[in-house]
Engineer: 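This structure is in structure tokens; I'll ask about it shortly.
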Amino acid sequence: MSMNPNMIEVRNLHKSYGNLQVLKDLNLDVIKGETLVILGRSGVGKSVLLRQILGIETPDSGYVEVDGQRISSMPLSKRYEAVKSMGMLFQGSALFDSLDIGENTAFYLHQHNPKMGEEEIDARVAEALRMVGLEGVEQKMPSDLSGGMRKRAALARLIVYRPRVLLYDEPTTGLDPITAGQINDLINKTQEELQATSIVVTHDVRSALEVGDRLALHFDGKIAEIADKEKFFKINEPTLHQFYEHAIMSDDFINHLTKKVKHA
Amino acid sequence: MLHTMESYFAAVGDYILFILRVVWVAIRKPPQWALLRDQMFEIGVMSLPVVAVTGFSTGMVLSAQAYFQLSDYGLVSATGLMVTKAMMVELGPVLTAFMITGRVGAAMCAELGTMRVTEQIDALRSMAVNPLQYLVAPRFIAGTIMLPLLTVFSCVMGILGGYLIAVGYYNLPSNSFLDPLPLHISSFDFVSGIAKSIAFGIIIITISCYKGMTTRGGAAGVGRSTTNSVVICYSVILISNFLLTLALNSSYDYIQDFFNRWL
């Protein structure tokens, strides 16, 4: 198993909702330690793919393997154990609004590390919040924070338990360009700190270039293209061209971003 | 038509499966005390005022009607018995269940529904926490414990209200109201009311949580499923009340026998 360079393997995945076929024979490998960005238009089923990987939903056929464990064929009760080392940043942050930010951030530790003392939990919560630039907001409720702050708090809730697989569902959607840039930096920082394997699903080309090692295009229920960041933008594909056109980016700027060394 | 019937039966099957899962999860790994305590406080203690008001006013109106209707036949001494029996076996359990549906069930459905549409339930799963274990099991246990207690409280308030009206307003001698009670109120009446209230507790909590957990479609969806859950709760409470009455009455001998032998 240690020979396998892939952290996540998705094979022949099919998923339909009623008559709507969302995933059609989707295959995907994610290499250990990389950040893979999946680009795709809204509604092609990018989030659906993440939900299958996380085991929140069960595919109609095909399977998902994470670190050699076949998540999608496990009974629900076993899945909870298997996804303990995974985490997801949801599009709408999904902070628990009955708990304050401190309790939200400590949630995983309280649930799964009953032996950990309150002091250690508090220290780890404070450290996670400091890492995302939200010192001293432990007592605030999620509704008191702005959208960007909520995203960062949700990221702190993930960082605190150091998952080895991180899934980001549209991390920059609905944020202003400056906040979006901060989130991208945080994703890179988290990646560096945790040495995790990450999948970032987005339709934000700029974010894709800033955080991705490899890029993939999700189109018509499949992964249509996948390549290293530098090669990806040389692919001649109409949907991709539309993406660049609408992102209002010059070739020079794309070149600048693809060459930019991460974590620099 | 056939399709609607099919989806209706599928939903009922899904709901029954939901109850079994909740019971299984609650037994296998009982919820944390802090969660259970919060829910018992929310369902039980916070409902005391509204249950007190409904119980008290129902007792008063029962007493006024009983006294008024019975006085023509010289049967006013049955007023206390009528109020007490009616409160214990029917009105106490049903009215308490109605008030709890409105006060607790609707809020529960809206809360879980909002959590569902804002991906908070998925977030629980993503952090390896079973939402049935964390959200539903504490509510289920707290509801099943609190409904019978609230029903007893409602009956006490009802009898008190009835007593005050009969004795204070209609000048019925106090012992005419109270003396028949120990003779004619049996353990069966008590068991009947408690059994009903436990069943209603399970019905209210499971329907509200099920409708909440299966909510779809944003804020409008939350509104829809909350309305639905309240309507379904009321209907199921009334129908099951009738069936439970038949079942309990036909096992009257068995229950009385059981109590005489063991207690």
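As a basis for the values below, the full set of heavy atoms in this structure was taken, side chains included, without hydrogen atoms, waters or symmetry mates. Chain identifiers are assigned alphabetically (A, B, ...) following the order of the sequence lines, protein sequences preceding nucleic acid strands; residue numbering begins at 1 within each chain.
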Engineer: For A/E135, does the CD atom sit with more than 12 other heavy atoms under 6.0 Å from it, leaving out its own atoms?
Structural biologist: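 Yes, CD of A/E135 has more than 12 neighbouring heavy atoms, counting only those of other groups under 6.0 Å.
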
Engineer: Are B/T118 and A/F90 close enough, and set up right, to give a side-chain contact (heavy atoms from CB on, under 4.5 Å), and what steps lead you there?
Structural biologist: CA-CA 9 Å; B/T118 55; A/F90 289 86; over 6 Å; no

Engineer: Which atom pair, heavy atoms only, marks the closest approach of B/Q120 to A/L95?
Structural biologist: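 Here B/Q120 and A/L95 meet closest at CD-O, 3.2 Å.
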
Engineer: Mind listing the closest non-hydrogen atom pair of A/L99 and B/Y134 along with its distance?
Structural biologist: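 Result for this residue pair: CD1-OH, 4.3 Å.
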
Engineer: Hey, is CZ on B/R103 packed in by over 12 heavy atoms from elsewhere, all under 6.0 Å?
Structural biologist: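 Correct, the count exceeds 12.
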
Engineer: How about CD on A/E119, more than 12 heavy atoms from neighbouring residues, nucleotides or ligands closer than 6.0 Å, or not?
Structural biologist: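 Incorrect, the count does not exceed 12.
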
Engineer: Identify the two heavy atoms, one from B/A128 and one from A/K84, that lie closest to each other, and give their separation to 0.1 Å.
Structural biologist: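 For B/A128 and A/K84, the tightest heavy-atom pair comes out as CB-CG, 3.5 Å.
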
Engineer: Can you tell me which portion of B/L124 sits under 4.5 Å from chain A's heavy atoms? Options are side chain, backbone, both or neither.
Structural biologist: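 Contact with chain A: backbone and side chain both.
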
Engineer: What part of A/R79 gets closer than 4.5 Å to chain B, counting heavy atoms only: side chain, backbone, both or neither?
Structural biologist: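 Contact with chain B is absent: no heavy atom of A/R79 under 4.5 Å.
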
Engineer: Do the side chains of B/V129 and A/Y108 get nearer than 4.5 Å, heavy atoms only?
Structural biologist: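 No, too far: nothing below the 4.5 Å cut-off.
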
Engineer: With respect to B/D122, which candidate in A/E57, A/M88, A/R51 satisfies the side chain to side chain contact (heavy atoms under 4.5 Å, CB included) definition?
Structural biologist: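 Among A/E57, A/M88, A/R51, the one meeting side chain to side chain contact (heavy atoms under 4.5 Å, CB included) with B/D122 is A/R51.
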
Engineer: Answer with side chain, backbone, both or neither: which region of A/L167 has an atom nearer than 4.5 Å to a non-hydrogen atom of chain B?
Structural biologist: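 Neither the backbone nor the side chain of A/L167 comes within 4.5 Å of chain B.
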
Engineer: Atom OH of residue position B/Y234 - does it have more than 12 heavy atoms of other residues, nucleotides or ligands inside 6.0 Å?
Structural biologist: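 Yes.
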
Engineer: Does a sphere of radius 6.0 Å around OH in A/Y17 hold more than 12 heavy atoms from other residues, nucleotides or ligands, not counting ones at 6.0 Å or beyond?
Structural biologist: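 Yes - once you tally the heavy atoms of other residues, nucleotides and ligands closer than 6.0 Å, there are more than 12.
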
Engineer: Less than 4.5 Å to any heavy atom of chain A: does that hold for the side chain of B/M127, its backbone, both, or neither?
Structural biologist: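 Its backbone and side chain both get close to chain A.
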
Engineer: Do you know which two heavy atoms are closest between A/R157 and B/A123, and how far apart they sit?
Structural biologist: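 Taking A/R157 first and B/A123 second, the nearest heavy atoms are NH2-CB, 3.7 Å.
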
